[in-house]
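Everything numeric here is computed off the predicted structure, so don't read it as measured data.
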Amino acid sequence: MSAANDSKFNSAVFLLTGLPGQEHIHLWISIPFCLVYVISIVGNSVILFIIKTDPSLHEPMYIFLSMLEVTDLGMSITTIPTILGIYLFNSREISLDACFAQLFFIHSLSFIESSILLLMAFDRFVAINNPLRYASILTLPRIAKMGLVFVLRGFVLTFPLPFLLKRFQYCRANVLSQSYCLHQEVMKMACSDITVNSIYGLFITLLMVGLDSLLIFVSYVMILKTVLSIASHTECLRALNTCVSHFCAVVLFYTPEIGLSVLHRFGKGSPPLLQILLGYVYLLVPPLMNPIVYSVKSKHLHARIIRVFVQ
């Protein structure tokens, strides 16, 4: 009887994994992660500071950008410390509650970022399709309401995930294949039926990421239709140029997001290293690159950043 009971237990901890087989160079691997962490925190913080202190940047486009930067800051703070703990101190253990909390924030912030990218696509559509009514459509109260709705949507739909996982007993190997916790991986450690978790996880992914990406695609189709109707070639290019930064942010976010979701659900035979590297790209590259892309492509932001550092 005790043997049967021993086969089912609630493991006190999960073990996170770095790059398998590369333990001897973990200290060297930590250097680029440290750089990514510092650049992400500093880059996003600088953008937020500039938008906050410069009244000329208190426009819908930059308000949405500040929402994106806050989300990227949250994602960096949520994920990179545990990654650095593995590579710097070989600190692999994470308690169940800490793991559930981390995956809650990772998935919530990911869904919120998807929603913000949708809002930014709507902003570009209104600016190009109806520029005369741009300021009257995207007022500050309306922007605040839209932002609040999408933030609540991300948190509310993700809220059940930790509780769905907490009801399980974990009797399989407690070693996760990533340096952080994700719902789709943790649920596979359970010795119970995970059908409900699998269906709900797929449902909210399709509802959030799937619907948002579809609406972003529709927005860009309508933007392209409007831009191609502009007679002046110069004006046409100028209108498209205002979308370049957002398009880069969309590609940086959705490409690894979709790839990782496909690998977790259908890529059972895929190399583990591919999943690990794609996971790092998914979590670390958008917070790193978004401030760089926007500071380079936005002339107002670029000039303000130079002015801040020159002074």
Checklist entry - CG/Leu284 to CD1/Ile39 distance, rounded to the nearest 0.5 angstrom? => result 12.0 Å

Checklist entry - Can you find a pair of side-chain heavy atoms, one from Leu117 and one from Asp212, that are under 4.5 Å apart? => result no

Checklist entry - Do Leu206 and Phe111 belong together in a cluster built from hydrophobic side chains that touch within less than 4.5 Å? => result no

Item to check | From Phe14 atom CZ to Leu96 atom CG, the distance as rounded to the nearest 0.5 Å | outcome: 4.5 Å

Checklist entry - If you take all heavy atoms of Ser179 and Ile83, which pair is closest and at what distance? => result CB-CG1, 3.7 Å

Item to check | Working for side chain to side chain donor-acceptor pair (under 3.5 Å), residues Asn241 and Lys297 | outcome: CA-CA 8 Å; Asn241 193 50; Lys297 291 302 298 178; 3.2 Å; yes

Checklist entry - Parallel, tilted or perpendicular for Tyr87 and Phe33, by the 30°/60° rule? => result parallel

Checklist entry - Atom CD1 of Ile128 and atom OG1 of Thr242: how far apart are they, to the nearest 0.5 Å? => result 4.0 Å

Next on the checklist: Can you tell me if Tyr134 has over 12 outside heavy atoms packed within less than 6.0 Å of its OH?
Outcome noted: yes

Checklist entry - Should the heavy atoms of other residues, nucleotides or ligands under 6.0 Å from NE2 of His58 be counted, would the total exceed 12? => result yes

Checklist entry - Side-chain heavy atoms under 4.5 angstrom apart, residues restricted to Ile, Leu, Val, Met, Phe, Trp, Tyr: same cluster for Ile199 and Met208? => result no

Item to check | Whether over 12 other heavy atoms sit under 6.0 Å from Tyr220 OH | outcome: yes

Item to check | Minimum side-chain heavy-atom gap Phe253-Asn290 below 4.5 Å | outcome: no

Checklist outcome for this item: Of all heavy-atom pairs linking Ile216 and His246, the shortest is CG2-CE1, 4.4 Å

Next on the checklist: I'd like to know whether Ile223 forms a side-chain contact (heavy atoms from CB on, under 4.5 Å) with Asn129, so could you lay out the CA-CA distance, the side-chain angles of the two residues, the decisive distance to 0.1 Å, and finally the verdict.
Outcome noted: CA-CA 7 Å; Ile223 287 171; Asn129 193 60; over 6 Å; no

Checklist entry - Around atom CZ of Arg133, are there more than 12 heavy atoms of other residues, nucleotides or ligands at under 6.0 Å? => result no

Next on the checklist: I need the minimum non-hydrogen distance between Leu260 and Tyr282, along with the two atoms involved.
Outcome noted: CD2-CD2, 3.5 Å

Item to check | Side-chain donor/acceptor of Glu69 to backbone N/O of Leu48, under 3.5 Å | outcome: no

Checklist entry - Among Gln275, Lys188, Glu185, which residue meets the side chain to side chain donor-acceptor pair (under 3.5 Å) test with Ser177? => result Glu185

Next on the checklist: Does any part of the side chain of Arg92, heavy atoms only, come nearer than 4.5 Å to the side chain of Val175, both counted from C-beta?
Outcome noted: yes

Item to check | Expected output: side-chain Thr226 to main-chain Met222 donor-acceptor under 3.5 Å | outcome: yes

Next on the checklist: One pair to check against side chain to side chain donor-acceptor pair (under 3.5 Å): Asp193 and Thr195. What are the steps and the verdict?
Outcome noted: CA-CA 6 Å; Asp193 182 17; Thr195 303; 2.7 Å; yes

Checklist entry - Can any side-chain N or O of Ser30 pair as donor or acceptor with the backbone N or O of Leu27 at less than 3.5 Å? => result yes

Checklist entry - So do Asn174 and Met189 actually touch side chain to side chain, heavy atoms under 4.5 Å? => result no

Next on the checklist: Distance check, rounded to the nearest 0.5 Å: Ser40 atom OG versus Leu283 atom CG?
Outcome noted: 11.0 Å

Item to check | Donor-acceptor contact below 3.5 Å, side chain Ser108 vs main chain Phe105 | outcome: no

Checklist entry - Within a strict 4.5 Å, meaning less than it, do heavy atoms of the Phe168 and Ile194 side chains meet? => result yes

Item to check | Closest heavy-atom pair and its distance - Leu161, Tyr200 | outcome: CD2-CD2, 3.7 Å

Checklist entry - Hey, mind stepping through Leu16 and Gln178 against side-chain contact (heavy atoms from CB on, under 4.5 Å) and telling me if it holds? => result CA-CA 6 Å; Leu16 302 172; Gln178 303 278 7; over 6 Å; no

Item to check | Between CE on residue Met187 and CG on residue Leu165, distance to nearest 0.5 Å | outcome: 8.5 Å

Next on the checklist: Set out, in order, the CA-CA distance, both residues' side-chain angles and the distance that settles side-chain contact (heavy atoms from CB on, under 4.5 Å) for Ser66 and Lys52, then state yes or no.
Outcome noted: CA-CA 9 Å; Ser66 66; Lys52 184 180 184 300; over 6 Å; no

Checklist entry - Can Tyr280 and Val36 be said to form a side-chain contact (heavy atoms from CB on, under 4.5 Å), step by step? => result CA-CA 11 Å; Tyr280 286 145; Val36 167; over 6 Å; no

Checklist entry - Donor-acceptor pair, His183 side chain versus His107 backbone, under 3.5 Å? => result no

Checklist entry - Do any N or O atoms from the side chain of Ser298 and from the backbone of Ser295 form a donor-acceptor pair under 3.5 angstrom? => result no

Checklist entry - Of the non-hydrogen atoms in Leu109 and Gly74, which two are nearest, and what is the gap between them? => result CD1-C, 3.4 Å

Item to check | Main-chain N/O of Ala121 paired to Arg124 side chain as donor or acceptor, under 3.5 Å | outcome: no

Checklist entry - Do Val227 and Val244 share a hydrophobic cluster, counting only Ile, Leu, Val, Met, Phe, Trp and Tyr and linking them when any side-chain heavy atoms are less than 4.5 Å apart? => result no

Next on the checklist: I'd like to check Arg167 versus Val196 (side-chain heavy atoms, cut-off strictly below 4.5 Å). Are they in contact?
Outcome noted: yes

Next on the checklist: Between Met67 and Ile137, is there shared hydrophobic-cluster membership here, with clusters defined by ILVMFWY side-chain heavy atoms closer than 4.5 Å?
Outcome noted: yes

Checklist entry - Shortest non-hydrogen contact from Pro81 to Ser76? => result CD-O, 3.5 Å

Next on the checklist: Side-chain heavy atoms nearer than 4.5 Å, only ILVMFWY residues, links allowed to pass through others: does that put Met146 and Leu148 together?
Outcome noted: no

Next on the checklist: Using side-chain heavy atoms (C-beta onward) and a distance below 4.5 Å, is Leu103 in contact with Thr158?
Outcome noted: no

Checklist entry - Should we say atom CD of Glu93 is surrounded by more than 12 heavy atoms from elsewhere, each under 6.0 Å from it? => result no

Item to check | Gap between atom CD1 of Ile31 and atom CG of Leu84 - 0.5 Å precision | outcome: 11.5 Å

Checklist entry - Can you find a pair of side-chain heavy atoms, one from Ile305 and one from Ile47, that are under 4.5 Å apart? => result yes

